[in-house]
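Inspection log for the structure reproduced underneath, given as structure tokens.
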Amino acid sequence: MKNNNLLITPTDHGVGAFVENIELTENLSGAATDRLRSALGKYGVLFFRDQFISSQEHIAFANKFASINTNRFFPKVEGYPQIALVLKEPDETINIGGGWHTDHTYDKEPAMGSILVAREVPSQGGDTLFANTCLAYQTLSHKLKASLVGLKAVHSSRHIFGPQGSSHLRGHETATQDSTHPLVIKHPISGQPSIYVNPSFTIGIEGWADRDAKTLLKDLYEHISKPEHIYRFKWAPGSIAFWDNRASWHYALNDYHGSRRLMHRITIEGEALSN
Ligand code: SIN
């Protein structure tokens, strides 16, 4: 039983950890699930290699952590409505997730995270960047930390997925979500403070003029995306990244035009966030 002896090794880039001695085709024990959950809270993203799991095994793994949140906007894997297709064909130029973001912040109880399985990857390119929003909080100046106390950020799905939205997955009548969350949250697993805003879905700061909010958000975005907070993950078929939306950002690089990249994503439910 490999899964009783997990090896969890942090990357040397401030975010993420590799999980070895694990076989996700096997049923995961409660103890192993607890270790993974706690490592996810600590490192923000867990990376796995050579996990050639079926769609049923993907669903079973996700269900160990929380119930599945079926994404309203993405196409689905045939026969598995719980699994979103993250696909770019050789003749397409736009990819999914090609900018810094964290998923579902427009929901009142934002998704905890996603489990992305690589099915087909280009021979070059198509890496994903991850940034650590807890570490980014720690490395803010004392003055800036103090200025964030009590602030709430406003998030929306409308400008991305709504009929006039910027995503090619737009046009859905279901893009009606807006929500407000503390700008700095207490991470639900680790208890660490985390900066909870992102360039894709955050549209302002409650009670602030647009111009002032944009200035502060831009400063925070530049800070979070500093190289020392980032790890670049290179995919191979069977690779998995399991990220926590409350502790990390991600960015799917779009540098593989002419090649196919096919990923399966399951997003799992989270909870209301507080500070
Ligand atoms: C996403 O943003 O969910 C996609 C990430 C990726 O394809 O690497």
- Query: Can any side-chain N or O of Asp107 pair as donor or acceptor with the backbone N or O of Glu109 at less than 3.5 Å?
  - Reply: no
- Does the pair Lys218/Glu222 count as a salt bridge with the N-to-O cut at 4.0 Å? yes
- Can any side-chain N or O of His223 pair as donor or acceptor with the backbone N or O of Ala136 at less than 3.5 Å? yes
- Message: Please check if the number of heavy atoms outside Lys76 that lie under 6.0 Å from its NZ is greater than 12.
- Response: yes
- Query: Taking the side chain as C-beta and beyond, is there a heavy-atom pair between Leu148 and Leu140 under 4.5 Å?
  - Reply: yes
- Stepwise side chain to side chain donor-acceptor pair (under 3.5 Å) test for Thr202 and His155: CA-CA 4 Å; Thr202 307; His155 306 255; 3.2 Å; yes
- Query: Does CD in Glu89 sit with more than 12 non-hydrogen atoms of other residues, nucleotides or ligands closer than 6.0 Å?
  - Reply: yes
- Message: Under a 3.5 Å distance rule, please check whether Thr102 uses its side chain to pair with a backbone N or O of Ser248 as donor and acceptor.
- Response: yes
- Message: With heavy-atom distances below 4.5 Å as the criterion, would you say the side chains of Leu253 and Arg232 are in contact?
- Response: yes
- Item | Under 3.5 Å: donor-acceptor pair, side chain of Thr215, backbone of Arg211 | yes
- In short, Leu36 meets Leu46 closest at the heavy-atom pair O-CD1, 3.4 Å
- Task: Tell me, yes or no, whether the heavy-atom count around Lys152 atom NZ, taken from other residues, nucleotides or ligands under 6.0 Å, exceeds 12.
- Result: no
- In terms of hydrophobic clusters joined by side-chain contacts under 4.5 Å, are Ile189 and Ile195 together? no
- With distance as the sole test, does Lys108 use its side chain to make a donor-acceptor pair with the main-chain N or O of Ala272 at under 3.5 Å? no
- Main-chain N/O of Gly16 paired to Asn132 side chain as donor or acceptor, under 3.5 Å: no
- Message: Regarding Asn69 and Thr267, do their side chains bring together a donor and an acceptor under 3.5 Å, going by distance alone?
- Response: no
- Query: Out of curiosity, does Leu135 fall in the hydrophobic cluster containing Tyr43 (side-chain heavy atoms, cut-off under 4.5 Å, transitive links)?
  - Reply: no
- For Arg261 and Thr128, the nearest pair of non-hydrogen atoms, with its separation, is NH2-OG1, 3.2 Å
- Note on the structure: Smallest heavy-atom separation, Pro81 atom then Thr70 atom, equals O-CG2, 3.3 Å
- Task: Of all the heavy-atom pairs spanning Ala247 and Ser194, show the shortest one and how long it is.
- Result: CA-OG, 4.0 Å
- For His13, does the NE2 atom sit with more than 12 other heavy atoms under 6.0 Å from it, leaving out its own atoms? no
- Check the pair His229, Thr139 against side chain to side chain donor-acceptor pair (under 3.5 Å), reporting the backbone distance first and the verdict last. CA-CA 9 Å; His229 302 142; Thr139 56; 3.0 Å; yes
- Message: Taking NZ in Lys214 as the centre, count heavy atoms belonging to other residues, nucleotides or ligands within less than 6.0 Å. Is the count above 12?
- Response: no
- Message: Minimum heavy-atom separation for Leu85 and Val77, please, with both atom names.
- Response: CD2-CG2, 3.9 Å
- Here the gap from Leu24 atom CG to His58 atom NE2, rounded to the nearest 0.5 Å, amounts to 9.5 Å
- Task: Would you check if the side chain of Ser190 reaches a backbone N or O of Gln192 as a donor-acceptor pair within less than 3.5 Å?
- Result: yes
- Message: So, applying ring pair (Phe, Tyr, Trp, His ring centres under 6.0 Å) with Phe201, which one of Trp249, Tyr106, Trp100 is it?
- Response: Tyr106
- Message: Would you say Thr105 and Asn245 are linked by a side-chain donor-acceptor pair, where the criterion is simply a distance under 3.5 Å?
- Response: no
- Are any non-hydrogen side-chain atoms of Ile185 and Asn275 less than 4.5 angstrom apart? no
- Message: With clusters defined by side-chain heavy atoms of hydrophobic residues (ILVMFWY) lying less than 4.5 Å apart, directly or transitively, does Leu144 cluster with Ile224?
- Response: yes
- Message: Let's go through Asp178 and Ser156 carefully: what are the C-alpha distance in whole Å and the side-chain angles of both, what is the deciding distance for side chain to side chain donor-acceptor pair (under 3.5 Å) to 0.1 Å, and is it a yes or a no?
- Response: CA-CA 4 Å; Asp178 301 304; Ser156 182; 2.7 Å; yes
- CG-CD1 distance between Leu129 and Ile230, expressed to the nearest 0.5 angstrom: 6.0 Å
- Any side-chain heavy atom of Lys88 within less than 4.5 Å of one from Ile94? no
- Item | Nearest-0.5 Å distance, CD of residue Gln51 to CD1 of residue Ile22 | 6.5 Å
- Item | Path from Leu216 to Tyr196 over hydrophobic side-chain contacts below 4.5 Å | no
- Query: Going hydrophobic residue to hydrophobic residue with side-chain gaps under 4.5 angstrom, can you get from Tyr137 over to Leu220?
  - Reply: yes
- In this structure, CE of Met112 is separated from CZ of Arg37 (nearest 0.5 Å) by 6.0 Å
- Query: Has Lys186 got more than 12 heavy atoms of other residues, nucleotides or ligands less than 6.0 Å from its NZ?
  - Reply: no
- Task: Would you give the length of the straight line joining atom CZ of Phe48 to atom CG of Asp50, rounded to the nearest 0.5 angstrom?
- Result: 12.5 Å
- Message: If you compare all heavy atoms of Ile266 against all heavy atoms of Ala62, which two are closest, and at what distance to 0.1 Å?
- Response: CG2-CB, 3.7 Å
- Query: Which of these passes ring pair (Phe, Tyr, Trp, His ring centres under 6.0 Å) with Phe47: Trp235, Phe242, Trp243, Phe18?
  - Reply: Phe18
- From NE2 (His181) to OG (Ser274), nearest 0.5 Å: 11.5 Å
